[in-house]
Number of protein chains: 2
Amino acid sequence: MKEANGRITIGDVAERAGVSIATVSRVVNGRYGVAQSTYTRVQAVIEDLGYESSLVARSLRSRRTNVIGIIVADIEPFSAELLKGAARAIRSTGYELVVYSGGGHVGDQVGWERRYLSRVNGTLTDGTLLVTPTVVDVPSNAPVVAVDPHAGVSSLATVESQNLEGAVTATEYLIRLGHRRIGFIAGRPDLESARLRERGYRQALDNAGMVFDPDLIRVGGYTREATEGPARELLESAEPPTAIFAANDVSALATIDVARTVGMSVPDDLSVIGFDNIPESALSDPPLTTIDQSIQEMGYVATRLLLDHIADPFLEPVHKTLPTELVVRGSCRAPSSESFTI
Amino acid sequence: MKEANGRITIGDVAERAGVSIATVSRVVNGRYGVAQSTYTRVQAVIEDLGYESSLVARSLRSRRTNVIGIIVADIEPFSAELLKGAARAIRSTGYELVVYSGGGHVGDQVGWERRYLSRVNGTLTDGTLLVTPTVVDVPSNAPVVAVDPHAGVSSLATVESQNLEGAVTATEYLIRLGHRRIGFIAGRPDLESARLRERGYRQALDNAGMVFDPDLIRVGGYTREATEGPARELLESAEPPTAIFAANDVSALATIDVARTVGMSVPDDLSVIGFDNIPESALSDPPLTTIDQSIQEMGYVATRLLLDHIADPFLEPVHKTLPTELVVRGSCRAPSSESFTI
DNA sequence: CTGTTAGCGCATTCAT
DNA sequence: ATGAATGCGCTAACAG
């Protein structure tokens with residue numbers, strides 16, 4: 001017993017069992033060429049000492065790690081949902097999952113995912129899922145699949161949802177309810193999904209023969225913090241909208257809260273519709289009407305895709321698009337007659 | 001350019017910059033003793049090549065990694081909530097987060113967390129959060145905090161919620177509504193939280209002077225799959241309960257679904273109350289009445305605790321207990337008069 | 001069958 | 001100020 005460090009290494013086991021390190025390694029990895037008696041003896045020592053090989057050391061040496069990585073900027077409702085789907089896809093594949101998160105303090109710097117990716121891919125992981133990456137020309141030897149990526153075209157395999165169609169649906173729903181002044185809380189301008197949702201908003205307006213009013217657009221950046229100011233601005237303007245389409249649920253929920261603070265009631269004075277259908281959206285008061293993009297399914301599909309690419313490195317990168325769907329809850333209604341007269 | 005492997009290593013940078021590996025390492029880590037001119041040149045090459053040091057290699061060599069680990073058996077609603085809280089606690093601490101998940105296929109083997117822990121703690125991570133571990137006598141040099149652990153007493157720092165009190169509250173709520181035949185879907189018998197919730201159930205019955213009927217208890221094991229059979233059994237028995245307290249939300253939601261398949265309506269024919277308040281519980285039809293244990297807060301508190309222990313290794317392990325609270329939604333009501341007459 | 005020898009990518013003495 | 005050498009824990013040749 002001389003593990004000065006506290007950590008039990010393969011060396012400790014070897015010494016205790018009176019064999020070489022290589023032999024212990026063979027036993028641990030179930031390699032052939034070990035006498036039955038040696039095998040059992042080493043196994044016993046391993047059991048006794050509670051030895052477990054270090055993931056780090058093992059990864060460094062061998063190409064295969066049986067671990068797939070998921071890189072996220074932060075763990076928030078969207079990525080958390082995605083993780084659930086990924087975990088479901090991993091189940092009974094023998095793979096393990098490592099989620100690497102910068103802890104939220106990376107969102108600013110463009111290219112965080114590239115840095116993180118090169119830190120883990122190919123050494124720690126056999127392949128990696130990139131969640132909402134801002135760049136997609138990542139240099140990597142191991143397979144990479146991007147979920148909800150920044151750019152439209154990419155050499156990477158990608159999974160995204162029908163952002164444009166969903167946004168059109170959301171806006172048309174508000175129009176159908178009778179709204180004529182419809183505001184838009186935009187997402188992060190650097191994200192393709194955000195741009196598509198704005199395009200959908202405009203397109204639906206166009207289709208309905210309504211004029212697009214730039215004063216009704218504010219940028220919320222997909223986060224609560226970034227949304228609050230702009231949303232307040234919008235609602236306190238001279239002619240506030242009677243309805244708001246927020247580019248994602250988080251900003252929609254923030255908008256509802258802001259509306260309350262400025263004395264507006266949702267949905268009586270203001271209708272709000274979101275995009276994503278994160279679980280939290282059903283918890284709000286009132287429950288949020290939104291566009292469902294089955295985030296879990298995206299995680300599931302992306303992970304399956306990644307596994308395919310790991311199995312066959314020469315697979316052509318495919319681009320999958322998942323459907324979106326309107327989920328009507330309680331945050332929208334026809335505008336009050338008072339609003340109509342304005 | 002001879003990165004035969006695809007991965008850009010510190011060696012590639014050194015070669016390109018015409019310096020030794022040691023010098024590049026100094027630059028990367030901001031060590032002193034590098035000429036300004038060398039520094040800039042190396043920095044440029046790093047930029048140019050897009051070099052990023054391998055987390056794995058770095059971890060192997062140095063003690064400090066600036067990464068904290070979270071070990072979970074699977075990523076499901078409970079652990080996902082916890083992760084959100086942990087991510088919030090990590091924010092702006094400079095630490096990064098690595099979540100290690102077995103992908104669900106580990107739940108069976110007791111002690112999975114011990115194996116996983118020794119794989120990462122002390123090498124990959126500076127400290128680790130153990131989520132719902134079944135054993136708590138883990139040997140580890142680096143700090144460990146257990147969340148919702150199996151055993152009551154532990155040498156580890158722990159964070160849990162008022163399981164007993166919450167269960168009493170849940171059961172008393174059903175009693176107050178007028179229920180007399182109250183079933184219980186138990187959790188995993190090896191988990192302390194599950195045992196406490198069962199104890200709370202019995203205690204509330206006792207307090208109300210009601211007799212405990214073993215026929216009204218079934219084991220659901222905290223999962224949807226494990227719950228369905230036992231729940232069906234309970235509901236199809238000769239004298240089904242008029243209300244069910246499920247040990248967690250997942251099994252409560254499963255119970256609601258089972259009730260529907262056997263032709264019972266919730267809450268008209270059957271009241272169901274859960275425990276946890278995962279986001280999904282508000283999404284069900286009807287929305288689930290449950291006991292909130294602020295899972296995110298547990299993740300947050302546990303992470304702060306872990307950081308404290310990393311900062312001061314000699315800190316005495318503390319045990320925190322977080323409050324629980326009844327959340328009334330739509331899955332419970334007074335028993336129908338018909339049920340009363342039984 | 002088993003031990004010896006080389007690294008994997010990197011940080012850290014110890015020289016220079 | 002910089003480079004050569006050493007080893008973290010482990011796996012994979014290559015010898016015996």
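First the proteins, then the strands, lettered A, B, ... as listed; each starts at 1. Only heavy atoms go into these numbers, but all of them, side chains included; no hydrogens, no water, no symmetry mates.
Residue-level contact check: Val24(B) touches neither bases nor backbone, having no heavy atom under 4.0 Å from any strand. In this structure, Ile21(B) reaches neither bases nor backbone, as no heavy-atom distance under 4.0 Å exists between it and the strands shown. Residue Ser25(B) is in base contact, counting any heavy-atom pair closer than 4.0 Å across all strands shown. No contact: Val56(B) has no heavy atom under 4.0 Å from any strand.
Atom CG of Leu124(A) is separated from atom P of dC10(D) by 15 Å (rounded to the nearest Å). Following rounding to the nearest Å, Ile8(B) (CD1) and dC10(C) (P) show an atom-to-atom distance of 11 Å. Protein atom CG of Leu60(A) is 9 Å distant from nucleotide atom P of dC10(C), rounded to whole Å.
Residues from residues 34-43 of chain A lying near DNA chain C, meaning a heavy-atom separation below 4.0 Å, are Val34(A), Ala35(A), Thr38(A) in numerical order.
Judged by distance alone, with hydrogens and angles left aside, the side-chain atoms of Glu113(A) form a donor-acceptor pair with the main-chain N or O of Thr134(A) at under 3.5 Å.
Nearest nucleotide to the Val19(B) side chain, out of dA11(C), dG3(D), dT11(D): dG3(D). Side-chain proximity of Ser54(B) to the nucleotides dC10(C), dT11(D), dC10(D) is greatest for dC10(C).
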Below 3.5 Å is the cut-off: list the nitrogen or oxygen pairs between protein and nucleotides 13-16 of chain D, distance only.
| unit_1 | atom_1 | unit_2 | atom_2 | d |
| --- | --- | --- | --- | --- |
| dA13(D) | N6 | Arg26(A) | NH2 | 3.4 |

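In the interface, the side chain of Arg61(B) is paired with the base of dG7(D) through a donor and an acceptor atom under 3.5 Å apart.
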